[in-house]
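Naming: A, B, ... by sequence-line order, numbering from 1 per chain.
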Amino acid sequence: MSTAAQPAEPTPPAANGEPVLEVRGVTKRFGALSVLRGIDLNLRQGEVLGLVGDNGAGKSTFVKILSGFHRPDGGEIVLGGQRVSFSSVENARTQGIETVYQDLALIPQLSVFQNLFLGHELTRLGPLRLLNKGEMRKLARQYLDDINVNVPSVDAEAAQLSGGQRQAIAVARAVRSASKILLLDEPLSAMGARESRLIIDLVKDLSSSGRVSIIVIDHNYAHLFELCDRLNIMNGGRITLDVQVHETSIEELTELMVSAYRRQLEEVQNAGA
Amino acid sequence: MRVLRLFLYQRELTPVIITIGLFLYFTIKAGSTFTGSLSLASAAGYAGPIGAIAVGSVLLLVIAEIDLSIGQVFLFSPWMMYWMHNDGLPLVLAIVVALLTCCFVGAVNGLITVRLNVPSFVTTLATNFILYGVVLVASHDAEGSPIPLSGQTGFVAQAMGSWKWAEILWVVAITIVLGVLLNRTRFGVRIIATGGNLIGAAEAGVPTRRVKVWCFVIASFLAGLIGIVDAVKYGSLDPGNFGVDYILYAIGACVIGGTALTGGRGTVLGAFIGAILIGLLEDGLTLTGVSTNQFFIYVGVVIIIAMALNVQFDRLIARSRGR
C-alpha cells in the first residue's frame with residue numbers, strides 16, 4: 001500500500017464509499033526504461049482523485065494501463081473487490097472503465113453524433129448491425145442539450161469543431177458510458193476558459209451523483225483543487241504523496257512537489273555515486 | 001456558397017456531371033453508333049472489372065491502405081475455378097474454393113500488413129507478383145478454355161456472366177452493398193474511424209487491426225467474384241494478363257470519383273462512377289475514330305484534375321468551422 005499516511009479525518013460526503021479500485025505494486029517498462037516502479041493507489045466510490053506529477057512521472061502510462069491500452073509488467077489491479085486484468089480497451093470498458101485521452105480521440109471525418117456513439121453504436125436488424133442514425137441523432141441532441149454543450153449541429157463533422165468543442169464531445173462520450181471509473185488525461189488542455197468551466201461542471205455533476213469514481217490528470221492546480229477530493233503526487237514512477245484536498249493548499253502542494261523532486265534528485269545522485 | 005457546399009459534401013456530383021457531359025459529347029459526335037447497345041455494352045465491359053476492383057479499393061483507401069494485388073486476384077480467381085473444375089470438383093464447389101482462396105489472399109495481405117507492419121503497398125506488390133507467377137507456372141503458359149457456363153443460355157449461366165449486362169449489374173449490386181456497408185453499418189463507422197484517426201479509434205475501442213484485415217478480405221473477395229463473372233463472359237483465360245493494369249485503372253476511378261488517398265474519407269458510389277467515366281471515355285474515343293492511344297493522355301489529365309480537387313475540397317471542409 002501507499003507509504004504516505006492515510007488521513008484520519010472523515011472523508012468528504014461524495015467519497016465515503018467502499019474502495020472501488022485498488023492498485024498494488026503496478027510496474028511497467030518500455031525496453032530499458034522503467035516508467036512505473038510500483039504504483040500503489042486506491043480510489044473510493046464516488047471519489048475524484050487527482051494525479052499530479054512532472055512530465056515523465058508516468059501518469060499517462062499509468063492511466064493507459066487502467067484503460068486497457070497498455071499491459072502492466074507486474075502488480076495487481078483490484079476492481080470492485082475482484083482482481084482484474086484488461087486484455088484491451090474494449091475489455092476495460094465492458095468492465096466499467098472509460099477514458100478521455102489528452103490526444104483528442106475524436107475521428108475528424110465522423111459527425112458529432114457518430115463520435116458520441118463511437119464504440120457504442122445503436123444498431124438494428126441484429127447481425128447486419130445497421131446504424132440507427134435517427135435514434136442516435138435524437139439522443140445525441142438531447143444529451144448535449146442536457147449538459148449544455150453547444151455544437152453547430154450533431155451532423156457536423158468533428159473536423160469542423162473547435163478544439164474545445166471536440167474535447168467537450170470526447171468527455172461527454174466517456175461520461176455518458178462510464179459505469180465504474182472515468183479516467184481523464186488532461187481533459188482541459190486544449191480549452192478556453194468558458195469551455196474549461198463547462199467540462200469542470202460536467203465532471204462535478206457526475207461525481208456528485210456518486211455513480212462513478214474519477215481519476216484526473218492535470219497540470220493546473222486551480223483546476224485540480226476545484227475538481228478533486230484527494231490528490232496523489234507521482235514522482236519517478238511511484239506515488240510519493242497522498243493528500244486530501246481540504247487538508248492542503250496550492251502553496252503547500254507546490255512546496256511538497258519541489259521537495260519530492262529534490263529527494264528524487266538526491267536519490268539519483270546517490271545512486272550515481 | 002450553398003453550391004460550393006453541395007459539391008464539397010456530394011463528391012460524386014463532379015464526376016457525375018463530367019460523365020453526363022462525356023455521354024452527351026460522344027452522342028453528338030458519334031450518334032447512334034455510340035448509343036447503340038453494342039457500344040454501350042462495350043463501355044460496360046471496360047467499366048465492369050475496373051468498377052468492381054475500384055469499389056473494393058475504396059474501403060482500403062479509407063483505412064489509408066492500398067491493395068495492388070486485387071487486380072491479379074481478379075485474374076487468378078477464374079484460373080483457380082478452372083483448375084479445380086478440371087480436377088473433377090463440381091462447378092459450385094470449384095467456385096467456392098476459388099473465392100475462399102481469394103479471401104485467404106486478402107487475409108494474408110492484411111495480416112502481414114498489420115502484424116509485421118509492412119506497408120500494404122509493398123505487401124500487396126509482392127503478392128501481386130506471386131499470384132502472377134503461380135498462374136504462369138500452373139497454366140504452363142497455355143490459354144485456359146473452355147470456361148464452364150460460358151456462352152450457355154440457362155439462367156445461372158446468364159446471371160454468372162454469359163449475358164452481356166450481367167457483369168455490370170453485379171458491379172452495381174456490389175456498389176450498393178458496399179455503399180450501405182460503409183455509410184450505414186457499425187462496421188462502416190469502424191472503417192472510417194480506423195482511417196480517420198487510428199490511435200483515437202483504438203482508444204475508443206475499435207479493433208482497428210481486425211477492421212483492416214477484413215477490408216483486405218472483402219476487397220479481394222469482390223475482385224475474385226467479378227473475375228469469375230468476367231471469365232464466364234469472355235470464355236477464355238490468358239495467363240499473360242497482368243493484374244497491375246486493372247488496379248491502376250481502379251485507383252484512378254477511385255480518385256476521379258472523389259476519394260483522396262489520405263484516409264478517413266471515400267465514396268463507393270464515386271468509384272463506380274469513376275469506372276463508368278473511364279469506360280465511356282475508352283469506348284467513345286474508339287468510336288469517334290480518335291486514336292485509342294490518346295485515351296491514356298485523357299485519363300491521366302482527368303485523374304490529376306480530380307485529385308487536385310479532392311485535396312482542395314478536404315482542406316475546405318477542415319477550414320469551414322461551424323456554419
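Neither the backbone nor the side chain of A:Arg124 comes within less than 4.5 Å of any heavy atom of chain B. If you measure heavy-atom distances from A:Thr123 to chain B, the contacts under 4.5 Å come from the side chain alone. For B:Val206, the part lying under 4.5 angstrom from a heavy atom of chain A is the side chain only. Only the side chain of A:Arg93 comes within contact range of chain B, with heavy atoms under 4.5 Å apart. No part of A:Leu122 comes within reach of chain B, as not one of its non-hydrogen atoms sits under 4.5 angstrom from that chain. A:Glu157 touches chain B through its side chain: at least one heavy atom from C-beta onward sits under 4.5 Å away, while N, CA, C and O do not.
The two residues B:Asn183 and A:Leu131 have their closest heavy-atom pair at O-CD1, 4.2 Å. Considering every non-hydrogen atom in both A:Leu118 and B:Ala193, the closest pair reads CD1-CB, 4.0 Å. Residues B:Gly205 and A:Glu90 come closest through the heavy atom pair O-CD, 3.3 Å. Pairing each heavy atom of B:Gly196 with each of A:Ile107, the nearest pair is CA-CG2, 4.0 Å.
Sparse packing is recorded around CZ of B:Arg210, with 12 or fewer heavy atoms of other residues, nucleotides or ligands lying under 6.0 Å away. For CG of B:Leu93, the number of neighbouring non-hydrogen atoms (other residues, nucleotides, ligands) closer than 6.0 Å is greater than 12. More than 12 heavy-atom neighbours from other residues, nucleotides or ligands sit within 6.0 angstrom of CZ on A:Phe30.
Contact count versus chain B (heavy atoms, under 4.5 Å) is highest, among A:His120, A:Arg129, A:Glu98, for A:Arg129.
Side-chain contact between B:Asn197 and A:Leu106: absent, with no pair of heavy atoms (C-beta onward) separated by less than 4.5 Å.
Taking 4.0 Å as the cut-off between side-chain N and carboxylate O, A:Glu121 and B:Arg184 do not count as a salt-bridged pair.
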